[in-house]
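Accompanying notes for the structure given below.
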Amino acid sequence: MNDTEHPAPEAEAPAAPAPEASAVERVARLATLFTPWALRTAVTLRLFDLIEEGNHRPDELAARSGADPGALQRLLRYLADLDVLARTGDTYRLTPLGQVLTSRHPSRTARFLDQDDAWARTGDRAVPGLLHAVRTGGPAWERHHGLPFWASLDGDTALGEAFDRAMAVHADGFGPWLAGAWDWSSVTRVADIGGGTGTTLVTLLEHHPHLRGVLVDLPRTVERATREIAAAGPGVVSRAEMVGRSFFEPLPPGAGAYLLAHVLHDWPDRECVRVLRGCAGAAGGRGRVLVVDRIRADTGDAAAGPLAVGRRDLAMLVLLGGRERTEEEFRALGEAAGLRLTATTPAPEPGLHLIEFAPAD
Ligand SMILES: C[S@@+](CC[C@H](N)C(=O)[O-])C[C@H]1O[C@@H](n2cnc3c(N)ncnc32)[C@H](O)[C@@H]1O
């Protein structure tokens, strides 16, 4: 302990308690659209990166970001009110919250706010469709963008690539955990169903040299996965197979484990049961089906990350008509597909779990 941080009580008059924000003000803070857009604007202008690089004055930041100096000054003040920047006189520096918004932060949060990124921009434009989604119970994406979600990605190369890159950011986060979260020595072949561009499969094959893998995804994604996996080097390529096909069609048989990572939450129950049944059939009597998804806790248990899961639940509703599910809901999906839920293992990410299924009999 040091005296500067902890002055003796008699050395200073007790600070007056900060006035509590009124309920009206707290609701106004929750409701304003300016906070999410101020953060997106600042990330897109690279303000957090520019400050980190040593540009602290508004005129420097305006010149380097190409923004109007007067308007930028007003944005900077709002960002300081939000505590993502700290203002001293007329200079700005990053607070711990602001550091999260730099592009080199390991969370890569900035990428999901950057309006120059086709996925971030297009996904954000669908969010006002929440009203439609709640009224109808179905996704809002098509109403806003003219095509169903996966068809939009197929029809727009830049959007499809940006989406696949965003998924690879997630996969980078959970892949190493998954490689140690299950007994991969018990199988010789894994099928990654809806495996994206192969980030997870590459991680599994790198961690487990005895393992062979097959990735199933839509043809446009498999084309990109083939390039990504080639970059992983011959030791991995020779053990990986790619199948460009819908997972609603018959799946490659005979793998010891069928992995569905962040797939079931994209779909309503009926489609989930179809995919799970396809995996169960291809796995035969002994194979396992491994689901990586968030488990929604209805208990309000903070450790299970209810807010993190809740906002993704709404995202799945708006984008795809999918949902985050409770453990009981996963169990019921498994039972409808002839599978028994045998174990759940939490990941470091709030709410994320490995959910293991075995054949029901
Ligand atoms: C949310 S991403 C998850 C990707 C990857 N498993 C991960 O965890 O990062 C869902 C994946 O499902 C794929 N997908 C969607 N519909 C599909 C279908 N009918 N057949 C095969 N793959 C599909 C998408 O292309 C995408 O790669």
Side-chain angles (χ1 to χ4, degrees), residues 108 111-112 119-120 122-123 126 139 141-142 147-157 159-179 181-182 190-205 213-229 240-252 257-268 270-279 282 289-294 312-313 315-325 347 349 351-355:
R108 288 185 268 181
R111 177 168 217 157
F112 294 91
W119 165 241
T122 316
W141 179 277
E142 184 168 353
L147 285 172
F149 185 83
W150 299 113
S152 298
L153 266 51
D154 260 346
D156 180 337
T157 307
L159 179 61
E161 283 181 359
F163 173 81
D164 286 341
R165 276 197 304 273
M167 293 308 104
V169 168
H170 285 311
D172 243 359
F174 73 83
W177 160 77
L178 181 63
W182 195 68
V190 55
D192 191 359
I193 308 301
T197 51
T199 308
T200 307
L201 187 62
V202 167
T203 305
L204 292 177
L205 298 189
V214 53
L215 182 144
V216 178
D217 207 295
L218 296 169
R220 68 166 174 83
T221 302
V222 162
E223 224 179 274
R224 282 196 276 281
T226 306
R227 291 199 295 271
E228 299 278 325
I229 289 181
E241 192 191 329
M242 305 285 128
V243 176
R245 172 192 306 168
S246 170
F247 47 47
F248 295 117
E249 292 173 29
L251 297 172
Y258 285 75
L259 175 64
L260 290 163
H262 301 107
V263 167
L264 295 186
H265 75 163
D266 292 343
W267 298 92
R270 198 165 53 106
E271 282 75 10
C272 289
V273 172
R274 274 180 72 194
V275 181
L276 283 168
R277 206 175 272 143
C279 291
V289 178
L290 305 176
V291 169
V292 174
D293 245 325
R294 295 179 189 85
R312 287 191 163 99
D313 184 41
M316 292 308 122
L317 170 63
V318 165
L319 302 179
L320 288 146
R323 64 191 310 143
E324 305 295 350
R325 294 178 169 86
E349 182 187 325
L352 193 68
H353 285 74
L354 172 61
I355 307 160

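Both ligands and their constituent atoms are indexed starting at 1 by order of listing.
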Are the side chains of W177 and L354 in contact, using a 4.5 Å heavy-atom criterion? yes

For the pair D266 (side chain) and G322 (backbone), establish whether a donor and an acceptor sit closer than 3.5 Å, ignoring hydrogens and angles. no

With a cut-off of 4.0 Å, which atoms of ligand 1 are near a heavy atom of D266? 1 (C), 10 (C)

For ligand 1, which atoms sit closer than 4.0 Å to a heavy atom of T221? 25 (O)

Judging by distance only, is a nitrogen or oxygen of D164 under 3.5 angstrom from one on ligand 1? no

Numbering as shown, the atoms of ligand 1 that approach A171 to under 4.0 Å (heavy-atom distance): 9 (O)

Is the shortest side-chain N to carboxylate O distance from E324 to R312 below 4.0 Å? no

Looking only at distances, can you tell me whether any N or O atom of V263, backbone or side chain, sits closer than 3.5 Å to an N or O atom of ligand 1? no

Is the shortest distance from a Lys or Arg side-chain nitrogen in D164 or R220 to a carboxylate oxygen in the other one below 4.0 Å? yes

Touching ligand 1 at all, H170? Heavy atoms, strictly under 4.0 Å? no

Before signing off on this row, confirm whether F174 and ligand 1 have an N or O atom pair separated by under 3.5 Å. no

Over 60° means perpendicular and under 30° means parallel, so tell me whether W119 and F149 are parallel, tilted or perpendicular. perpendicular

With side chains defined as the heavy atoms from C-beta onward, is the minimum distance between I355 and L264 less than 4.5 Å? no

Taking atom 21 (C) of ligand 1 as the reference point, the nearest protein heavy atom with its distance: F247 CD2, 3.2 Å

Atoms in ligand 1 flagged as close to S246, the criterion being non-hydrogen separation under 4.0 Å: 18 (C), 19 (N), 20 (N), 21 (C)

Got an N/O contact under 3.5 Å between H262 and ligand 1? yes

Sub-3.5 Å N/O-N/O distance, W267 and ligand 1: no

V216/E249 under side-chain contact (heavy atoms from CB on, under 4.5 Å): CA gap, chis, key distance, verdict: CA-CA 10 Å; V216 178; E249 292 173 29; over 6 Å; no

Check each atom of ligand 1 against the heavy atoms of A261 and keep those under 4.0 Å away; list them by number with element. 3 (C), 5 (C), 6 (N), 7 (C), 8 (O)

What protein heavy atom sits nearest atom 9 (O) of ligand 1, and how far away is it? M167 O, 3.5 Å

For W267 and V275, what are the C-alpha separation, side-chain angles and deciding distance, and is it a side-chain contact (heavy atoms from CB on, under 4.5 Å)? CA-CA 10 Å; W267 298 92; V275 181; 5.6 Å; no

Without swapping roles, check the side chain of H265 against the backbone of V263 for a donor-acceptor pair under 3.5 Å. no

With a cut-off of 4.0 Å, which atoms of ligand 1 are near a heavy atom of R245? 20 (N), 21 (C)

Evaluate G194 for polar contact with ligand 1, using N/O atom pairs at a separation under 3.5 Å. yes

Starting from the C-alpha separation in whole Å, work towards a yes-or-no answer on side-chain contact (heavy atoms from CB on, under 4.5 Å) for R227 and T197. CA-CA 9 Å; R227 291 199 295 271; T197 51; over 6 Å; no

Just going by heavy-atom distances, which of D217, L153, L319 is nearest to atom 27 (O) of ligand 1? D217

Between the main-chain N or O of P250 and the side-chain N or O of R245, is there a donor-acceptor pair closer than 3.5 Å? yes

Enumerated ligand 1 atoms positioned under 4.0 Å from heavy atoms of F248: 19 (N)

